[in-house]
Amino acid sequence: MKQLSFILLIFILFSCCNDEEKTIKNRKIENVSSSIISNQKNIALFGSIDLKIILDKSKYAQIPLYGPFAESVLSDYLSHINLKKPVYYALEGPFDENYFSMDIKNEQSSTKFIFAEIKNNKALLAFMQKQGFEKRSLKKEQINYFFKSKLMFAVQGNILIAIIGCNEDEAKKKAISAFKNASKKENSQITKCLNKKGDLLVAVNLKELYNSSNTELNSLADSTKKSIEEMAENSFHVSIVNFQKGSMKIEGTNYFSPALTKELKFINSKGRKSIISQLGSGKPKAGIDLNMDFKELSKLSNKYFKQYNNILNQTVVGMFLPNTGLSGILDDILNGRISGLVYPEKNEFGGITPEFNLYVGLGKKGKKELQGIGNLFLSEMGDLSINNNSITLFTSNKYKPNKGDLIIHDEFVNFGNKPISCFVDLKDVDTREFEEMTYGSIKKIKRIYFEYDLEGGYLLVTTKDPDKNFLESLIDVGIEFVNKEFLNSIF
């Protein structure tokens with residue numbers, strides 16, 4: 001009887017071990033990542049990268065000189081990763097200029113996590129040891145890991161977690177915590193963010209971003225901090241990036257709490273009417289349109305950031321509008337409607353002189369406060385008009401609204417229909433004087449468009465290479481810059 005009981009006990013223990021091993025081996029990286037991000041403290045920014053799609057679209061292996069070497073190095077490592085699934089990441093705050101520093105002396109660096117699904121546990125461990133990494137183990141947690149210079153690769157079953165920015169003892173604690181959190185309940189909002197599809201996904205947890213801030217926000221009153229934390233609770237922004245032939249599009253979506261949505265209604269699109277058709281004519285090369293409710297913005301500023309009300313008094317604005325304060329400008333002087341169009345014109349010296357049309361909506365005290373300033377600074381620039389509702393300025397009669405239709409490219413069709421929108425059209429524009437400050441990238445860009453409201457927005461960038469993926473064009477610019485810098489260092 002004792003022998004039968006002993007055998008039964010061994011069988012039960014063996015079965016439990018097998019069940020645990022099976023559970024570890026068969027996890028899905030999307031569920032693991034969502035659970036860890038939902039339960040790991042201080043994660044302010046997270047997302048995913050579709051490595052296979054990005055590498056394929058970039059055609060990195062075809063890059064002259066660099067491509068074959070990069071492919072030989074990457075292919076060995078990537079062969080162990082399940083590239084049918086995205087690679088996920090999570091970043092702790094705060095974010096500053098030293099955020100990505102790998103200096104081992106920097107004890108204040110925040111932790112970065114990368115999560116990937118691997119094909120075979122034993123094969124990866126053997127490969128890493130072959131590369132010269134020393135395998136170490138946390139036997140109780142069934143974690144094998146490799147550590148070097150604030151970089152840890154921790155493996156449990158079919159899940160690989162890279163932990164960046166910690167010493168070894170801290171990294172072990174983070175690894176144990178992360179794998180423990182991998183089996184906990186997911187936050188539905190975080191899962192919703194991670195379920196969006198794109199080449200690259202970037203999501204922001206607004207509460208953790210605020211809590212990790214080391215800026216002047218820390219000096220706010222405790223009651224204000226608490227209110228902001230409550231607004232930011234379970235509030236997220238997610239952007240998906242897709243690289244296509246001749247373009248890149250970033251689409252952003254806001255998942256804000258009801259409290260935060262209420263406070264940000266100054267950028268609500270409802271009830272806004274476009275005035276773009278009344279702004280000018282011809283073919284502008286750039287435009288900006290702001291159509292916000294400045295009275296609501298003033299309420300937000302006074303409620304949470306009242307200490308910054310006099311910030312403009314220390315600038316040139318304070319010279320002409322003394323003792324007005326930011327709230328006075330938002331409440332009584334401007335109404336939130338600011339629009340402008342730019343028309344580059346060649347001058348007699350062969351350069352570019354920008355002509356522009358400007359519209360500024362005024363509040364009840366706007367005309368009284370700004371008429372003198374407008375006449376002093378703007379009247380010599382063109383046809384200036386100041387009335388009870390607005391200021392308009394046309395530096396050239398050629399582009400006034402009554403001179404014909406306003407012609408805007410199809411890519412900018414929504415311009416003027418959102419609280420914030422702008423565009424730049426660089427086709428046929430000489431951009432050589434801007435190449436150095438943009439590292440040469442500007443010569444590849446054809447058009448840029450951006451719009452945003454309370455629900456989200458998007459950024460569209462098109463290039464002058466319609467048959468090349470945007471990533472290929474980006475790499476071309478990078479290679480040209482590197483080669484130029486290399487030659488400059490020699491000669």
Side-chain angles (χ1 to χ4, degrees), residues 17-37 40 43 46-56 58 60-61 68-91 102 111-184 194 199-201:
C17 291
N18 273 350
D19 286 343
E20 182 180 3
E21 189 74 18
K22 184 177 181 181
T23 302
I24 290 175
K25 284 185 176 179
N26 293 326
R27 290 171 293 181
K28 294 181 179 180
I29 189 61
E30 54 268 36
N31 296 337
V32 167
S33 301
S34 182
S35 294
I36 294 175
I37 294 167
Q40 202 81 2
I43 300 299
F46 59 93
S48 65
I49 304 169
D50 195 321
L51 269 182
K52 185 177 189 315
I53 285 180
I54 286 180
L55 291 174
D56 289 347
S58 69
Y60 76 102
F69 173 74
E71 183 183 31
S72 66
V73 173
L74 284 175
S75 60
D76 287 342
Y77 284 90
L78 295 180
S79 64
H80 295 277
I81 305 296
N82 180 7
L83 294 180
K84 293 179 180 178
K85 302 281 188 76
V87 171
Y88 295 83
Y89 64 89
L91 309 179
M102 290 293 287
T111 308
K112 303 91 182 171
F113 298 88
I114 298 175
F115 315 108
E117 188 173 302
I118 59 176
K119 295 177 181 177
N120 185 285
N121 182 293
K122 290 183 179 179
L124 175 64
L125 297 178
F127 170 76
M128 294 296 288
Q129 289 175 284
K130 190 176 179 181
Q131 304 309 305
F133 290 93
E134 179 186 352
K135 187 182 81 168
R136 301 169 189 175
S137 299
L138 299 168
K139 292 186 178 180
K140 181 181 177 182
E141 293 80 10
Q142 300 182 34
I143 298 172
N144 292 300
Y145 73 91
F146 307 89
F147 183 87
K148 186 176 182 181
S149 301
K150 301 185 81 170
L151 171 63
M152 172 184 277
F153 294 101
V155 184
Q156 187 191 65
N158 68 325
I159 302 299
L160 166 68
I161 300 180
I163 301 173
I164 306 164
C166 299
N167 60 42
E168 185 172 356
D169 287 339
E170 187 65 23
K172 285 194 290 185
K173 293 177 183 177
K174 298 266 187 182
I176 293 170
S177 173
F179 280 117
K180 185 177 180 180
N181 287 332
S183 59
K184 292 184 178 180
L194 291 175
D199 298 346
L200 173 65
L201 186 151

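The figures that follow rest on heavy atoms only: side chains count, while hydrogens, waters and symmetry mates do not.
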**Request:** Could you tell me which non-hydrogen atom of Ser35 sits nearest to which non-hydrogen atom of Lys184, and how far apart they are?
**Result:** OG-O, 3.0 Å
**Asked** Can you check side chain to side chain contact (heavy atoms under 4.5 Å, CB included) on Phe146 and Arg136, steps first, answer last?
**Response** CA-CA 6 Å; Phe146 307 89; Arg136 301 169 189 175; over 6 Å; no
**Between OG1 on residue Thr111 and NZ on residue Lys174, distance to nearest 0.5 Å** = 3.5 Å
**Asked** Under 3.5 Å, side chain of Glu117 to main-chain N/O of Ile29, donor-acceptor pair present?
**Response** yes
**Message:** Do Tyr60 and Leu74 have side chains that approach each other closer than 4.5 Å (heavy atoms only, starting at C-beta)?
**Reply:** yes
**Prompt:** With no hydrogens and no angle check, is any side-chain donor or acceptor of Asp50 less than 3.5 Å from a backbone partner on Pro86?
**Reply:** no
**Message:** Between Gln142 and Phe179, is there a side-chain heavy-atom distance shorter than 4.5 Å?
**Reply:** no
**Request:** Please report the closest heavy-atom contact between Lys52 and Leu83, naming both atoms and the distance.
**Result:** CB-O, 3.8 Å
**Asked** Where the side chain of Gln156 meets the backbone of Glu141, is there a donor-acceptor pair that is under 3.5 Å apart?
**Response** yes
**Message:** Quiz question: by atom type and distance under 3.5 Å, do the side chains of Asn31 and Lys28 form a donor-acceptor pair?
**Reply:** no
**Request:** Give, for atom CD1 of Ile161 and atom CZ of Phe113, the distance between the pair rounded to the nearest 0.5 Å.
**Result:** 8.0 Å
**Message:** I want to check something: taking the side chain as every heavy atom from C-beta on, are Leu78 and Leu55 in contact at a cut-off of under 4.5 Å?
**Reply:** yes
**Item:** Nearest heavy-atom neighbours spanning Ala116 and Val87
**Value:** CB-CG2, 4.3 Å
**Asked** Taking the side chain from Ser79 and the backbone from Asp76, do they hold a donor-acceptor pair closer than 3.5 Å?
**Response** yes
**Asked** If you measure from NZ on Lys172 to OG on Ser177, what distance do you get to the nearest 0.5 Å?
**Response** 15.0 Å
**Prompt:** Looking only at heavy atoms, what is the nearest atom pair of Phe115 and Ser33, with distance?
**Reply:** CB-OG, 3.5 Å
**Asked** Which atom names give the shortest non-hydrogen contact between Met152 and Ala175, and what distance separates them?
**Response** SD-CB, 4.0 Å
**Message:** Does Lys180 have more than 12 heavy atoms from other residues, nucleotides or ligands lying within 6.0 Å of its NZ?
**Reply:** no
**Message:** How close do Phe147 and Ala171 get, counting heavy atoms only, and between which atoms?
**Reply:** CE1-CB, 4.2 Å
**Asked** Do the ring planes of His80 and Phe127 sit parallel (below 30°), tilted (30 to 60°) or perpendicular (above 60°)?
**Response** tilted
**Message:** Can you tell me how far apart OH (Tyr89) and CZ (Phe46) are? Round to the nearest 0.5 Å.
**Reply:** 9.0 Å
**Asked** Less than 4.5 Å apart, any side-chain heavy atom of Leu51 and any of Ile81?
**Response** no
**Fill in**
Here the gap from Tyr145 atom OH to Met128 atom CE, rounded to the nearest 0.5 Å, amounts to 13.5 Å
**Request:** For residues Lys85 and Glu30, determine if any side-chain heavy atom of one lies less than 4.5 Å from a side-chain heavy atom of the other.
**Result:** yes
**Message:** What's the separation between atom CG in Leu125 and atom CZ in Phe153, rounded to the nearest 0.5 Å?
**Reply:** 12.5 Å
**Asked** Is the OH atom of Tyr77 crowded by more than 12 outside heavy atoms at less than 6.0 Å?
**Response** yes
